[in-house]
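Written below as structure tokens is the structure these notes are about.
Here the structure is a predicted model, which means the values were calculated and not measured. Proteins come first, then strands; the chains are lettered A, B, ... in the order of their sequence lines, and each starts at number 1.
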Number of protein chains: 4
Amino acid sequence: MDKPEKILATALRLFVTYGFHGTPTSKIASEAGVSNGTLFHYFKTKDDLVVALYTSIRGELNQFLVRQINTASTSKEKFRRLFVGSVEWALHNGDAFYFIQQFRFSPHLNLVSEEESRRQSEVHMELLQEARNANWLKPLPVDLIATLTASQISGIHQYLVEKTVSPDEQRKLIDDVFELTWATVANPELP
Amino acid sequence: MDKPEKILATALRLFVTYGFHGTPTSKIASEAGVSNGTLFHYFKTKDDLVVALYTSIRGELNQFLVRQINTASTSKEKFRRLFVGSVEWALHNGDAFYFIQQFRFSPHLNLVSEEESRRQSEVHMELLQEARNANWLKPLPVDLIATLTASQISGIHQYLVEKTVSPDEQRKLIDDVFELTWATVANPELP
Amino acid sequence: MDKPEKILATALRLFVTYGFHGTPTSKIASEAGVSNGTLFHYFKTKDDLVVALYTSIRGELNQFLVRQINTASTSKEKFRRLFVGSVEWALHNGDAFYFIQQFRFSPHLNLVSEEESRRQSEVHMELLQEARNANWLKPLPVDLIATLTASQISGIHQYLVEKTVSPDEQRKLIDDVFELTWATVANPELP
Amino acid sequence: MDKPEKILATALRLFVTYGFHGTPTSKIASEAGVSNGTLFHYFKTKDDLVVALYTSIRGELNQFLVRQINTASTSKEKFRRLFVGSVEWALHNGDAFYFIQQFRFSPHLNLVSEEESRRQSEVHMELLQEARNANWLKPLPVDLIATLTASQISGIHQYLVEKTVSPDEQRKLIDDVFELTWATVANPELP
DNA sequence: GATGAATGAGCATTCATTCAT
DNA sequence: GATGAATGAATGCTCATTCAT
């Protein structure tokens, strides 16, 4: 892991525990094993670091989801991979997922460009748009469906984190909730 | 409005705009029309103020929901009031609702006592427990159902805030999403 | 004990433990069982309180010493009463004695008027002057003798406080040191 | 003089004049010609600075005394060097000597470790112990003798500071008081 | 590129003091 | 006399950022 990566990884861990404000750049630097100055060599400001971390995490998540989706063929199956993949990624990357939400409810969100924002939800949106075009979805706004499914993903994840659930049950619960969600948004008249 | 209330109201407005860290206590005090010392007379520390604000907001929301629920008789109708009421409260109290989420993804959450936490979700949980006992719900964990419905509430709210939707459409969308949610969690075998 | 006295007694206890700066007037007031405002009703400022406490303590010590001295007739015996009495008073009024020294090495000392200062060492000085006039003392400056004996008093007291010594031994040690001191300053040629 | 030294020297001057509390760190920094942040770069807290100053001063005094003592051979001569050296050091380092006493009657004293405390009186104690072993001292507790001689040192110093005395007289007075003190504590039966 | 000493603006918090009741 | 809410100046300390080496 090179220095910028080390800094990002350390920042993630500390931000999640202590918050943005509660984490001095000096602590990030020292725990990442680099000097104070080096941090600012790679990231112009602390805000830059925060945004870079967000962008990097969203990038990883997206890459992961694209790989998941590509292994499926039907719309429903792709949607399942997106849903289940998202929850599992969140479970395996607890800090990163927490950080995303922390970031979304902070003034830093404004520092992300429109374009970058769009890119980040592209996967989800394209998938839904495709399903809508094929008439697989209820006649609700696609944006609404996207928001609702994202909420469900975050909901089931939150439940699984708070309760202690065996891996088997976990998989079953995720699948159950996926089916419920699918039943909620899918056009009931199509096979 | 007495001084502590004025301070809380001002803090809410500023926190939502600038974040906890981005809001100096001095700014809260001056915009609330009190002296710096007075703020600390009523709230021992800035953290105390943040937690007090959270507790106060959750209290108001709960009171509102209780009043809503009490106007209905059947479980489904109560549930609808809870759901629709929550979304409408969120729409009318955008800052407060945003603050709740901001708070939940911050280290301040740890400063809320277990007991206080329980009290805050009591209304929702009791309602669902009652429905479950009457066999109105699918055989899923009540906690899961609670989390999922809370997610849907937050999802539809988010959608309505991002898009511009006429009041009439708003009401219709909220109701549609409620019916979908109800269909998702309700036991299909009961009338 | 009336309110001003209660305030002084509480202030003494707190000053000795936490220092002048480490003791807020609000703490003095609350521990003395009076309101914040009452403290300032009796003492115009905190500095006033500090000085008043010093003056009051020195007054008590002086009264005590005068009473001690009056029970003796010869110069040496008076001197012994002064010496032994001072040490015993210091042992019984540890806080007060500590406070005197704390005060003497603080900028507050400048707030005590020349006249008040003189009055405070009057007893000691008059006694030595009398002894000098009667030719009982070595031909050293009276002021020097005063300072040296005061140092010895403070020295033996310090020793007794740091070590744990039985009351009997205490009395013996004090007397021994007195005799040594007397031998040091007294004119050896007079009976 | 490097920065920490400059800060200590400035702090000493200001503490003696205005007291610990009366001296803001910002004033120390600016008069030392460094920034506020630099002060805290070298001393974690203001208390740390105070303690470091005390330790540093005691260290210098000790070094000086060790050098003095090493120029003498007999116990009495060493003792004289200790006594006279202490008074002269105090006269030449008035601020430092005043600060030591200011510090000793303040809550900061508790921040000095036992070990450090012992090290500070080591020179004095070892010298007396050596004299005691050689049977040069009266059969009094060595600790008591140490405390009494320290008091005499502080006493003669105080006198010399308050009165204006010519250098020649000064030397004579110090020597006289040393001889008196020696007569007080030395075993009269040894040559 | 890498370092870390140095900076100084900024902020939470304290506390002596006032004054209306 | 007694109260205690209100004040706001004062201060210790933090921390993002710079820059000479």
Worksheet entry | Of all pairs that satisfy salt bridge (charged side-chain N to carboxylate O under 4.0 Å, His left out), the ones with a partner from residues 101-113 of chain C, not counting sequence neighbours | none
Fill in: Contacts of type salt bridge (charged side-chain N to carboxylate O under 4.0 Å, His left out), residue B:E60, not counting sequence neighbours
none
Worksheet, complete the sentence: Ordered by number, residues from residues 48-56 of chain C within less than 4.0 Å of DNA chain F (heavy atoms) are none
Discussion item. Tell me which pairs pass salt bridge (charged side-chain N to carboxylate O under 4.0 Å, His left out) where either residue lies in residues 6-16 of chain B, with sequence neighbours left out.
Written reply: B:R13-B:E31
Worksheet, complete the sentence: Sorted by chain and residue number, the side-chain contact (heavy atoms from CB on, under 4.5 Å) partners of B:S30 (sequence neighbours excluded) come out as none
Could you write out each protein N or O paired with an N or O of nucleotides 13-16 of chain F at a distance under 3.5 Å?
unit_1: F:dC13; atom_1: OP2; unit_2: D:K46; atom_2: N; d: 2.7
unit_1: F:dA16; atom_1: OP1; unit_2: A:K46; atom_2: NZ; d: 2.8
unit_1: F:dA16; atom_1: OP2; unit_2: A:T25; atom_2: N; d: 2.6
unit_1: F:dA16; atom_1: OP2; unit_2: A:T25; atom_2: OG1; d: 2.6

Discussion item. Please enumerate all residues that pass salt bridge (charged side-chain N to carboxylate O under 4.0 Å, His left out) together with D:E115, with sequence neighbours excluded.
Written reply: D:R119
Item to complete: Please identify each residue that fulfils side-chain contact (heavy atoms from CB on, under 4.5 Å) with D:Q63, with sequence neighbours left out.
Response: D:R67
Discussion item. Using the ring pair (Phe, Tyr, Trp, His ring centres under 6.0 Å) criterion, which residues pair with D:H21? Sequence neighbours excluded.
Written reply: C:H21
Item to complete: Quick one: list whatever passes side-chain contact (heavy atoms from CB on, under 4.5 Å) with B:A90, sequence neighbours left out.
Response: B:F97, B:H157
Worksheet, complete the sentence: With both pairing distances under 3.5 angstrom for Watson-Crick or G-U wobble, and | for a partner in another strand, the correct string for DNA chain F is .||||||||||||||||||||
Worksheet item: Restricting to pairs with a member in residues 34-58 of chain D, which pass salt bridge (charged side-chain N to carboxylate O under 4.0 Å, His left out), not counting sequence neighbours?
Response: none
